[in-house]
A.B. asks: 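Before we start, here is the structure in question, set down as structure tokens.
Residue numbering restarts at 1 for every chain, and letters A, B, ... go by the order of the sequence lines.
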Amino acid sequence: MEQLFDAQFMADFLGSSLRLSVPIIFAAIGGVLAERSGVFNISLEGCILGGAFGAAVGTYLTGSPFCGLMLGITVAGSVGIMLAMLAVGLGINQLVAGIAINLLMVGLTSYLARLILGGDATSTLPGFHPIALPGLASIPIIGPVLFQQDILTYLMYLVVPASWWFLYRTPWGLNVRAIGDYPVAADSAGISVPFVRTVCVIVSCMLAGVGGAYLVLSQVFVFTEHMSAGKGFIALAALILGRWNPVGAFLACIFFGMSDALQLRLQFTSPDVPYQLFSMVPFLASLLALVLLSGKVRPPAAIGKKYVRGGK
Amino acid sequence: MKTFALQLDRVSKVFGDFRALNNIDLRVVAGSIHAILGENGAGKTTLMNILYGLYQPDGGSITLNGQPAVIPSPSAAMEMGIGMIHQHFMLVDTLTVVENVVLGLPGQGLQLSLAEHAARLTELSQTYGFDIDPHVEIWKLPIGMRQRVEILKVLYRQANIIILDEPTSVLAPNEVASFLEGLKRLRDAGKTVIFITHKLDEVAEVADRITVMRLGQVTAETEVASITTRDMARMMVGRDVVLTAFEKPDTPPGPLRVVARNLSAIDNRGIQALKDVSFEIRSGEILGVAGVDGNGQAELAEVLTGMRAPSAGSLAVDGEDITALSVYDRRHRIGLSYVPEDRHHTGLVLDFSVMKNAMLRDFRVAPFSKNGVLDMRRAREVTDAWVKQFDVRLRSVDQAVRFLSGGNQQKLIFAREVECRPRVMVVMQPCKGLDVGAIEVLQRAILSERQRGTAILYISTELEHILNVCDRVAVMCAGRITGILRPQDATDARVGALMGGISEAESA
């Protein structure tokens with residue numbers, strides 16, 4: 001009996017760790033892509049929010065979570081177009097542009113959500129439901145955790161290796177890595193630096209948007225104001241912790257997801273301790289991880305720098 | 001009849017109201033090494049950028065292998081078989097050799113086939129006697145090897161005309177010979193090599209033909225065999241240049257000024273870079289420091305200027321111990337001037353104007369400041385005067401210093417570091433990458449400082465320059481001074497032995 005309880009507890013813990021990780025994994029993979037091309041994507045937070053908003057509105061209007069997902073990706077992609085125009089096209093400081101976009105998205109999504117969803121904002125939307133993969137789902141403990149998930153989680157299983165393969169095994173990935181480190185060399189080899197950066201930023205934001213859509217369509221089934229709640233910044237910490245490598249970022253996100261799941265458990269088991277104390281755990285974990293690994297990380301050399309042809 | 005791989009007729013290029021190129025005629029024989037010689041700012045790089053499609057000419061025509069050609073972009077130039085090797089390498093440090101070579105290569109399909117490219121690259125590098133491991137990352141390679149990667153990059157794209165912009169300026173002296181050998185192998189394989197330089201001896205050694213440029217015009221085009229280096233220098237600068245020793249006024253040195261005793265220092269990697277270094281410099285004396293780059297010279301300069309704390313030893317100027325003094329005190333109270341090796345990072349703020357850079361050292365005091373407020377009007381007058389005196393060629397003192405040529409940047413640094421009337425001067429690699437005209441101006445400035453009674457430490461890897469100006473030559477190897485010689489005793493053999501670490505006591 002005791003053992004069964006432990007196994008059940010483990011499965012629950014791992015399951016909630018995974019569910020809490022999925023949105024930040026999408027955002028962090030997106031972030032890796034943008035930053036490897038040399039653009040800080042601080043607006044991951046705004047993209048998650050945009051994705052969540054689009055998913056809620058699309059689903060509300062059509063009744064189909066797939067349409068919701070598409071709209072969520074579209075909204076986040078538009079945020080990406082905006083960031084690309086500001087940071088790549090006009091060469092505005094990338095951090096400032098990203099922060100401005102985040103602030104804009106908080107206000108804009110709250111306003112539009114009230115306008116469109118109105119009184120229905122609190123009613124539950126249709127969403128994605130877990131699909132058990134035959135065979136795999138019956139493996140003890142990890143089976144239900146990993147293979148009894150919804151479609152977006154399975155998509156995440158594909159995105160992580162695919163992004164790694166893209167960056168390290170394709171000519172386009174080579175272009176992205178070269179541009180992030182030394183854009184002059186890429187330019188002289190006939191690769192358009194602004195084009196590659198623009199595409200990377202837009203795809204980056206779309207991925208973060210999928211993370212946002214997951215929040216609405218697979219977790220809570222409603223849109224709430226500022227529901228991204230710092231996940232975009234956790235994703236930024238994760239991609240630094242993961243050394244700008246998709247697989248590293250994935251592992252870092254799982255780590256953050258586990259610390260988040262842990263703090264939720266602690267909240268339930270110690271109701272007499274103020275819960276705010278526990279909600280700090282994932283952020284403290286990210287700070288601690290960054291401090292412990294400081295000095296050993298080397299960001300892409302050209303990150304944050306506007307590329308001007310002919311500049312020495 | 002010779003076939004011309006490349007022919008330029010009356011090519012001109014104008015930037016604003018500045019004529020960078022004025023009716024340039026150029027004929028490059030296929031399968032030859034063609035040198036383009038000229039001072040900094042003569043228009044060599046502009047010309048090469050036209051050939052590589054970065055700029056479009058405003059007039060004239062280009063003929064490539066007998067066919068009239070328009071080169072709209074670098075990628076078009078590559079397709080036409082023109083490969084360019086820039087002065088600053090176009091290599092991504094964190095990528096491997098083969099990744100750098102295939103970067104941007106058209107027609108690669110969906111997945112990188114690095115193994116296949118690496119095999120072909122190895123084959124190619126063996127053909128030319130370049131010994132390169134295709135899977136090593138660029139940052140792990142010495143500069144000379146990186147240059148070979150650049151050459152392989154253009155060869156891999158089937159370039160027939162290879163343009164090299166100041167290729168030897170980044171190489172260590174011992175890498176130059178093997179580089180020049182590589183050029184000959186390229187020629188023997190039927191490639192046409194165009195190389196831009198201002199180093200006369202290299203031209204004389206490898207080039208078949210030479211075009212000399214000055215102030216945007218071609219002053220001569222001839223066979224190298226038919227011309228002496230002295231004539232080349234004259235055509236390049238437009239006047240006779242003193243290539244050999246200066247007349248050094250034979251003033252006896254004054255009292256002891258700099259006394260360094262048993263200095264040791266640790267470098268950034270935690271390795272002991274300076275070991276027990278002692279020397280003295282008298283007022284009005286130039287002590288040269290020779291040696292292969294990276295044998296503690298940089299650390300020695302940093303210890304003297306206060307940018308690196310010594311781990312042991314002492315340093316005194318005019319009897320006062322300055323070992324513990326800050327950079328500020330050394331510069332302003334002791335009167336120490338510094339011409340750093342890396343003028344772009346340490347010597348100048350590239351995006352500041354010429355005037356602001358002139359003010360960098362002494363902006364706190366007159367004439368640049370009055371009562372604690374910057375006096376821009378006076379500063380402008382002073383800068384104008386320096387620009388004239390040191391022959392700094394520029395459009396305006398408000399121009400960003402980034403856009404000055406290397407020689408003119410260095411002249412500006414010299415003006416700043418000399419006009420403050422220093423007591424001690426540390427000069428490191430002042431002539432690196434400069435043409436003979438600029439070198440002459442700088443060496444004269446150093447000699448006139450000597451006349452004024454400044455104690456000067458002159459660090460250089462170019463022995464010839466040291467012997468030209470110095471009163472004594474210290475040779476460094478592995479962080480130690482292996483010997484101090486008078487110039488007349490500094491034969492190649494003796495200095496070579498000292499550079500190799502065989503100190504005088506052992507060899508005697």
A.B. asks: Does any heavy atom of chain A fall under 4.5 Å from the side chain of B:Tyr52, the backbone, both, or neither of them?
C.D. replies: side chain

A.B. asks: Inspect the surroundings of CG in B:Leu394 and state if more than 12 heavy atoms from other residues, nucleotides or ligands are less than 6.0 Å away.
C.D. replies: yes

A.B. asks: Could you pull out the closest heavy-atom pair between B:Gln111 and A:Arg169, with the gap in Å?
C.D. replies: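 Shortest heavy-atom contact: CG-O, 3.3 Å.
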
A.B. asks: With the side chain counted from C-beta on, respond yes when A:Val184 and B:Met90 share a heavy-atom pair under 4.5 Å apart, and no when they do not.
C.D. replies: yes

A.B. asks: Around atom CH2 of A:Trp165, are there more than 12 heavy atoms of other residues, nucleotides or ligands at under 6.0 Å?
C.D. replies: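 Check passes, neighbour count above 12.
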
A.B. asks: Write down the atom of A:Ala185, the atom of B:Leu91, and the distance for their closest heavy-atom approach.
C.D. replies: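 Heavy atoms of A:Ala185 and B:Leu91 come nearest at CB-N, 3.9 Å.
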
A.B. asks: Could you check if a side-chain atom of A:Asp181 sits within less than 4.5 angstrom of a side-chain atom of B:Leu95, using non-hydrogen atoms only?
C.D. replies: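 Heavy-atom side-chain distance check fails, nothing below 4.5 Å.
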
A.B. asks: For the interface with chain A, which of B:Met78, B:Arg157, B:Glu99 has the highest count of heavy-atom pairs at distances below 4.5 Å?
C.D. replies: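 Answer, by heavy-atom pair count under 4.5 Å with chain A: B:Glu99.
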
A.B. asks: For A:Leu174, is it the side chain, the backbone, both or neither that has a heavy atom under 4.5 Å from a heavy atom of chain B?
C.D. replies: both

A.B. asks: Ignoring hydrogens, what is the shortest heavy-atom contact between B:Leu103 and A:Ala189? Give both atom names and the distance.
C.D. replies: O-CB, 3.5 Å

A.B. asks: For the OH atom of A:Tyr168 and the CG atom of B:Leu114, what is their distance to the nearest 0.5 Å?
C.D. replies: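 Rounded to the nearest 0.5 Å, the OH-CG separation comes to 13.5 Å.
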
A.B. asks: Measure distances from B:Met84 to the heavy atoms of chain A and classify the residue's part below 4.5 Å as side chain, backbone, both or neither.
C.D. replies: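 Neither part.
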
A.B. asks: Can you spot which of B:Leu110, B:Val102, B:Leu112 makes a side-chain contact (heavy atoms from CB on, under 4.5 Å) with A:Pro171?
C.D. replies: B:Leu112

A.B. asks: What's the separation between atom OG in A:Ser188 and atom CD in B:Glu150, rounded to the nearest 0.5 Å?
C.D. replies: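 Reported to 0.5 Å precision, the distance equals 7.0 Å.
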
